[in-house]
Amino acid sequence: MASELDLSSSFIPSLYKPAALLPIARHRQSLLYLVETYPVTIVVGQTGSGKTTQLPQYLDQAGWCVDGKTIAVTQPRRVAATTVAARVAEEMRCKVGEEVGYSIRFEDLTSPATRIKFLTDGMLLREALVDPLLSRYSVIMVDEAHERSLSTDVLLGILKKIGKKRPELRIVISSATLQAEDFLRFFAGEELQKDEDSNEIGGSVGRIISLEGRMYPVDILFLDSPAEDYVERAVKTVFDIHSQEADGDILLFLTGREEIDTAIQLISEHAATLRSKTQSVLPLPLYAGLTTEQQLYVFEPAPENTRKVIVSTNIAEASVTIDGICYVVDCGFAKLRAYNPNTGIETLTAVPISKASATQRAGRAGRTKPGKCFRLYTQQAYEQLPDVAIPEIQRSNLAPVIMQLKALGIDNIVRFDFLTPPPAELVIRALELLFSLGTIDDYAKLTKPLGMRMAELAVDPMMGKVLLSAQTFGCLNEILSIAAMVSLQGSVWVQHDSDRKNAESMRRKFAVEEGDHLTYLNVYQAFVTKGKKDSKWCRDNLLNYKSLQRAVSIRAQLKRYLERFGISVDENPPLSTSRGPDLSGQPERVQRCLTTGYFAHAAKMQPDGTFKTVSGDLTLYAHPSSIMFNRKVDWVIFHEILQTGDKTYIRDISKIEKSYLLEYAPEYYRVK
DNA sequence: GAGCACTGC
């Protein structure tokens, strides 16, 4: 899993530049002046400018942490928060957790001495639940804001609100060039003016400052005419580079696992035909679905006389940085998730990337010396790409976001100041779901205590409702484990293409007739008892050790929340599933309890083995990863619905009785 | 018979 890919400690030395030599050092005085003078500073800085590591230290030295205040620096990713903290701590000659610390879910390495704190932007939002004005921070720097992640966008809206109430608070936004003015305009509102003489933009609210990066030039090359098959064309390009260009590794961007496997295969086949005298080629896959060990190969130096060709998804665009890349081959596409508010279905499809993405991909070739980027599309096609991708907030299921905003005291979602407002249909759909779950009332206010508690739990609203119903069904212990397993999002089993049959029989060992949820419960129970939390036991059973460890942490955290609500968890009653002795009708309780949250995700199996939604207008397929794949059932509820290619799949499926739907969602199913 | 990338005290 990418989130567990923690390689940076071994790579810090190569990234090290003496701080005084970083381009940002020349701008120290101007930066401090801007932060001193204006509430908002937009820092445009390329890779290697040192903004993330140096600016917080300048601010600390300039006195922004006197009287016990802290500087917060947010990151969209956990790995970034921990590794940047480690580097800054080293520069400040302290241990992580002393003057410099970080805070991410399950790990809080901060202390009363901490003056610079790195944290995920999601984490800062959680802090705002307890401290709505984020009063302990004198400066809040939002790094990588141009990525426009869901939580970054929510955070920016919240910060604008807080800024009005705390004029002394300083907000620093780090952004790519393309969006800097949008950010400033957002914070400045109508007050922003453009000075035609100096071409400077600003007002009393803020200013933009640009820092040069430490990048080498990258030559961009386009195709003369469009490629018919970009995977084939990519492989041809790789070998053209190999035979005609100087030493240096190649990074090839494709959209997904299937394309990557095909390309690796083609490259291996062709490489075998090369004359033995020439330098050889080593193709390596990189995508989030690989295990950590498999991902680590891309960081190892290639053997002598060997050129690495890393074939990667978008993960190498921003999340994973590999040194030594001199050539980038860019297919021009990426798979993106989108949410259809009319059907409530998520889609995962390959779409053309933005100009900003294309620039970011090309930049991956210029980290160690001048490089080249081969774009597998025409310059004309490039000109037609959108400047930036549609932000997540405009293409996501907003139920969790709206629940969070309401918990932060923002009840009027329509009037909330978003950087880019989400489409009305998304907001309406989310409000409808929250209302049907009992999270909000007729006035769209969070209900007490249900809605308030759901917002505090770190799970999506449907599962939150299930957790908060579990006590009345007498299956809280089981639901806690199930909720933790479902939040692993499919990473319970490791995937091996080689022995698909074996994988299937391993899965069957844990399979439960009632469906995926109780199967997960079985796996979890086996892991904490028989498996003794043992990595070898996991390997033998093709289970993902790191994921299951994570499930243990998530479960413990959820349990702590529930106990804080006064809901006690009895760990003792014996578990029973259809595999074990059925002592108390426990599977049925779990099935009933799941229905209280997932009634809107119900489907009925047809004679041909496909499923139909309650309204009957959609044909759904059980995802092949489900225990319900190729099985006979009647009614089911499911966790997720996802359209890929021309089929719509449901995942994490459990059997229910039709009567449960009417019993637990009478309003929702009133007329049917 | 199959899946882009992230995240939550």
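Predicted model only: the values in this text are computed from it and were never measured. Values below: all heavy atoms of this structure, side chains included; hydrogens, waters and symmetry mates excluded. Letters A, B, ... mirror the listed sequences (proteins, then strands); counts begin at 1.
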B:dT7 base / A:Gln489 side chain donor-acceptor hit below 3.5 Å: yes
Interatomic distance where CZ belongs to A:Arg337 and P belongs to B:dA5 [whole Å]: 10 Å
Candidate nucleotides B:dA2, B:dC4, B:dG1, ranked by approach to the side chain of A:Phe629 - the nearest: B:dG1
Upstream residue (5' side of DNA chain B) when A:Glu258 and A:Ser487 are each assigned their closest nucleotide: A:Glu258
Closest nucleotide among B:dC4, B:dA2, B:dC6 to the A:Ser625 side chain: B:dA2
Cationic tip of A:Arg257 above A:Tyr287 ring, under 6.0 Å, 45° of axis: no
Proximity to the side chain of A:Arg78 - top-ranked nucleotide from B:dC4, B:dG1, B:dG8: B:dG8
Separation of atom CG in A:Leu642 from atom P in B:dC4, rounded to whole Å: 10 Å
Touch class at under 4.0 angstrom, heavy-atom based, for A:Tyr561 against every strand present: sugar-phosphate
Among A:Ile482, A:Ile627, A:Val492, side chain to side chain contact (heavy atoms under 4.5 Å, CB included) partner for A:Thr519: A:Ile627
Touch class at under 4.0 angstrom, heavy-atom based, for A:Glu392 against every strand present: base
Qualifying residue, where the test is side chain to side chain contact (heavy atoms under 4.5 Å, CB included) with A:Val401 and the options are A:Val427, A:Val154, A:Ile413: A:Val154
Nearest-angstrom distance from the residue atom NE2 of A:His146 to C1' of B:dA5: 14 Å
Whole-Å distance separating the CD atom of A:Gln643 from the P atom of B:dA2: 15 Å
Sugar-phosphate only, base, or nothing, as touched by A:Thr313 at under 4.0 Å among non-hydrogen atoms: sugar-phosphate
Sugar-phosphate only, base, or nothing, as touched by A:Thr644 at under 4.0 Å among non-hydrogen atoms: sugar-phosphate
Nearest-angstrom distance from the residue atom CD of A:Gln557 to C1' of B:dG8: 7 Å
Sugar-phosphate, base or nothing in reach of A:Arg105, heavy atoms under 4.0 Å: base
Exceeds 12 heavy-atom contacts within 6.0 angstrom, atom NZ of A:Lys612: yes
Sugar-phosphate only, base, or nothing, as touched by A:Tyr621 at under 4.0 Å among non-hydrogen atoms: nothing
Residue pair A:Glu346, A:Arg395: steps toward the salt bridge (Lys or Arg N to Asp or Glu O under 4.0 Å) verdict: CA-CA 9 Å; A:Glu346 278 192 314; A:Arg395 53 184 166 89; over 6 Å; no
Most 5' of A:Thr255 and A:Arg560 on DNA chain B, judged by nearest nucleotide: A:Thr255
